[in-house]
Amino acid sequence: MASNLSAAPDFRLTIPQSDKRRPIFFTATIRKSSIKKRLPISCNSSQSSPKTSQNLKESPNPKNPSLSDQLKPLSATTLSTTKDQRTHLLSKPKSTWVNPTKPRRSVLSLQRQKRSPYSLNPKVKELRLFAQKLNDCDSSSESAFISLLEQIPYPLTRENALLILNSLKPWQKAHLFFNWLKTQNLFPMETIFYNVTMKSLRFGRQFELIDNLANEMVSNEIELDNITYSTIITCAKRCKMFDKALEWFERMYKTGLMPDEVTYSAVLDVYAKLGKVEEVLSLYERGVASGWKPDPITFSVLAKMFGEAGDYDGIRAGKPGLARSLFEEMVESGLTPNEKSLTALAKIYGKARWAKDAMELWERMRSNDWPMDFILYNTLLSMCADLGMEEEAERLFEDMKRSEHCRPDSWSFTAMLNIYGSGGNASKAMELFEEMSELGVDINVMGCTCLIQCLGKARRIDDLVRVFNVSIEGGVKPDDRLCGCLLSVVSLCEESEDANRVLTCLQQANPRLVALVRLIEDEKTSYETVKEEFRAIVSDTAVEARRPFCNCLIDVCRNRNLHGRAHELLYLGTLYGLYPDLHNKTVDEWSLDVRSLSVGAAHTALEEWMGTLSKFVHRKKELPEIFSAHTGTGTHKFSRGLANAFASHVEKLSAPFRQSEERAGCFVATRVLRSGNWISSTSKIKFNSSTVKIL
DNA sequence: GTAGGGTTAG
């Protein structure tokens, strides 16, 4: 086949814009350079320079499938792609893939790149000492470093140079040494010298230097091997330059080099970090179809992705199930899961609220004597916190105390504080706090937040104030979440004296927020004033704490019977984008989603919504058949109680919503066509139960 | 950190 490099098609992977949110497989297209309507995979894609592209000896030879080809939807090749079948595929890859008449092209090399054998260097000790001297010399002076280098008391053979290069840190020194070596012309600079230098540069996150070195290799026709590519790719990944990582992966394919499993799993992780779940699964499945048996590291990459991709408050998205199938497959194939694989899985089970699987996993870990480290212990404790498994957490915590290398640290204590906190066990949480001071384990801002939340719910304001003060003295820097937590306690306080004591704590952490509370409490404050101060504070607050701030402020108002102000705040929250998915309207159904709202904010939102409906009725505008309000089922520990509170509020308003039997966590009312006679009274709309059919 | 891949919260 004639190969004309300049006319070679652009094989960059592209995803049609309209397909970005498709649940199953995206469509990859091989784009000719003239077609520009597609989105590149990265938002900031940079093309390699023409010079390096040519030097890479890229070939359109179909034996070297491009990444785009790897990612073609399986439906276009041999597999159907429904979720059920995928789960089956993951558990029985071989039987699904056998196709003797048309074997699939391999996408990765099953043989991991061999390293050159380590030759024993008789001068290893002395050379290490010399390298240490180089490491110790003044980093700011290049000339001092070079002159010291020139005093090397040993012949600078290839092996000696490699040993020194390997021992130099930080990256600046390794880089200097490497550049100096090149000027000495003592021996040819082979791939391994570049690889070792690149690894050092990676520690310094010096992607640009690595990129330069890689291009230099291409120019000088020094072979780039799998170790080179995986180092480049992981450096780009660590620098969050995902487009560069993928670009180098593409370049590797184009030169005809097959990735081995290390490079391949590094790339899977790049896609995982980009949130491109379907692409990861596609690559994974193709790898398996090539005969690859993924190892525990690949499992961790996939499992971590599943853990982050799941919509855990929604319909569960099927991802935890895939992680479980993969895990079982891995164990069945004879691999022993390690600490990191187990950490990833424990995290998923916790987030997915899969208590039974979590318990079984733990039993298996114990009976099989699978490895544990302190991160795994801490993750298991967090999992117990997610699942409310207090006794199991206590057992684990005791295990840690008895262990030699996994003594509880501030993470472990925080997890325990979270467990006692979410279980409402303020006494045990306080015992833990005392234990921490005895053991000299400092409480951190997260532990402090959990404990204060717990003490606030138990109305133990004395303890709360003490914990806050001790934490501040111990160096805790309050963040926005801790402030939100204090504000939520303020909203719970029935006695103004208690509220004021908590506000005194909050004053130290966020005086402006306290000033806002004072403003909104004062009925004389104008809406415009509240709006301006609210906007200023929200824009200054961490994104994840903005909505909680607004929720709490609304709660404060409601608890002080300042309903008008609560409505103003809900409006402001909506105005500034804190409640983006609150309302949804289709022709047939109008819905209100209050899952991310506090009880007070949810009440306010319902009143607001019904007020709007009332206006529609008055104006005789067309109404949908169904009205629904989503409170969630309360499976998440922070959303418990919302459904109950909502139910009683609905009853108080005599609104005809009832919990739906078919749709969990959903209140539904429906309009009766024959009448449509909606009656409103005073400020609230009343759905007359004689005219409204209740589902 | 002895040429390459993956781990922890409120």
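Chain letters run A, B, ... following the sequence lines, proteins first, then strands; residues in each count from 1.
- Taking the centre of each ring, A:Y264 and A:W292 come in below the 6.0 Å mark.
- Rounded to whole Å, the distance from CZ on A:R128 to P on B:dT2 is 9 Å.
- You'll find that the side chain of A:I227 is closest to B:dA3, out of B:dG10, B:dA9, B:dA3.
- Regarding contacts with the backbone of B:dT7, a side-chain N or O of A:K304 is found under 4.0 angstrom from either OP1 or OP2.
- Phosphate proximity of B:dA3 to A:K114: absent, as no side-chain N or O sits under 4.0 Å from OP1 or OP2.
- Within the 4.0 Å cut-off from OP1 or OP2 of B:dA3, not a single side-chain nitrogen or oxygen of A:R112 is found.
- No hydrogens or angles were tested; on distance alone, nothing pairs the side chain of A:S265 with the base of B:dG6 as donor and acceptor under 3.5 Å.
- Below the 3.5 angstrom threshold, one finds no donor paired with an acceptor across the side chain of A:R238 and the base of B:dG5.
- If you look at A:F178 and A:Y194, their ring centroids are closer than 6.0 Å.
- Under 3.5 Å, the side chain of A:D295 and the base of B:dG5 form at least one donor-acceptor pair of N or O atoms.
- Across all strands, A:T263 comes closer than 4.0 Å to base atoms (heavy-atom distances).
- Looking at heavy-atom distances under 4.0 Å, A:N226 makes contact with a base.
- One atom, CZ of A:F249, and another, C1' of B:dG4, lie 14 Å apart when rounded to the nearest Å.
- Minimum atom distance to the side chain of A:M446 is reached by B:dA9, of the listed B:dA3, B:dA9, B:dG4.
- B:dG6 and B:dT2 have their P atoms separated by 14 Å, with the value rounded to a whole Å.
- Residue-to-nucleotide contacts include no donor-acceptor pair under 3.5 Å from the side chain of A:S167 to the base of B:dG1.
- For A:F187, the ring pair (Phe, Tyr, Trp, His ring centres under 6.0 Å) partners are A:F193, not counting sequence neighbours.
- Put simply, NZ on A:K169 is 6 Å from C1' on B:dG1, counting in whole angstrom units.
- One finds a side-chain N or O of A:K347 lying less than 4.0 angstrom from the OP1 or OP2 phosphate oxygen of B:dA9.
- Applying the 3.5 Å distance criterion, the base of B:dG10 shares a donor-acceptor pair with the side chain of A:T449.
- Atom CG in A:N160 sits about 19 Å away from atom P in B:dT2, given to the nearest Å.
- Using a 4.0 Å heavy-atom cutoff across all strands shown, A:T414 reaches at least one base atom of the nucleic acid.
- Counting only heavy atoms from C-beta on, A:N378 has its side chain closest to B:dT8 among B:dG4, B:dG5, B:dT8.
- At whole-Å resolution of the value, CE in A:M305 and C1' in B:dG6 are 13 Å apart.
- Of the candidate nucleotides B:dA9, B:dA3, B:dG4, B:dA9 has the atom nearest to the side chain of A:W411.
- Side chain A:N166 to base B:dG1: no donor-acceptor pair is found below 3.5 Å.
- Contact annotation for A:T298: base contact, defined as any heavy-atom pair under 4.0 Å involving a base atom.
- The nucleotide whose nearest atom lies closest to any side-chain atom of A:I375 is, among B:dT8, B:dG10, B:dG5, B:dT8.
- Taking atom CE of A:M389 as the reference point, atom C1' of B:dA9 lies 16 Å away to the nearest angstrom.
- A salt bridge is defined here as a Lys NZ or Arg NE, NH1 or NH2 lying under 4.0 Å from an Asp or Glu carboxylate O, and A:E431 with A:K428 fails to meet this definition.
- Within 4.0 Å (heavy atoms only), A:S200 reaches at least one base atom of the nucleic acid.
- By the side chain to side chain donor-acceptor pair (under 3.5 Å) test, A:Q172 pairs with no residue at all, sequence neighbours left out.
- With hydrogens and angles left out, the side chain of A:R115 and the base of B:dG4 share a donor-acceptor pair within 3.5 Å.
- Here, B:dT7 and B:dG1 have their P atoms 15 Å apart, quoted to the whole Å.
- The NZ-P distance, from A:K340 to B:dG6, rounds to 8 Å in whole Å.
- Residues A:R466 and A:E434 are paired through a salt bridge, judged by an N-O separation under 4.0 Å between the basic side chain and the carboxylate.
- Side-chain to base pairing of A:T343 with B:dT7: one donor and one acceptor N or O lie within less than 3.5 Å of each other.
- Between B:dG6, B:dG5, B:dA3, one nucleotide has an atom nearer to the side chain of A:Q113 than all others, and that is B:dA3.
- Set against B:dA3, B:dT8, B:dG5, the side chain of A:I192 has B:dA3 as its closest nucleotide.
- As rounded to the nearest Å, B:dG4 and B:dG10 have C1' atoms that lie 36 Å from one another.
- Put simply, the side chain of A:N338 and the base of B:dG6 share a donor and an acceptor less than 3.5 Å apart.
- Counting only distance, with no hydrogens or angles, the side chain of A:N418 and the backbone of A:T414 share no donor-acceptor pair below 3.5 Å.
- For the pair A:Y229 OH and B:dA3 P, the interatomic distance rounds to 21 Å; values are reported in whole Å.
- Ion pairing of A:K273 with A:D269 is present here, as a side-chain N (NZ or NE/NH1/NH2) and a carboxylate O approach within less than 4.0 Å.
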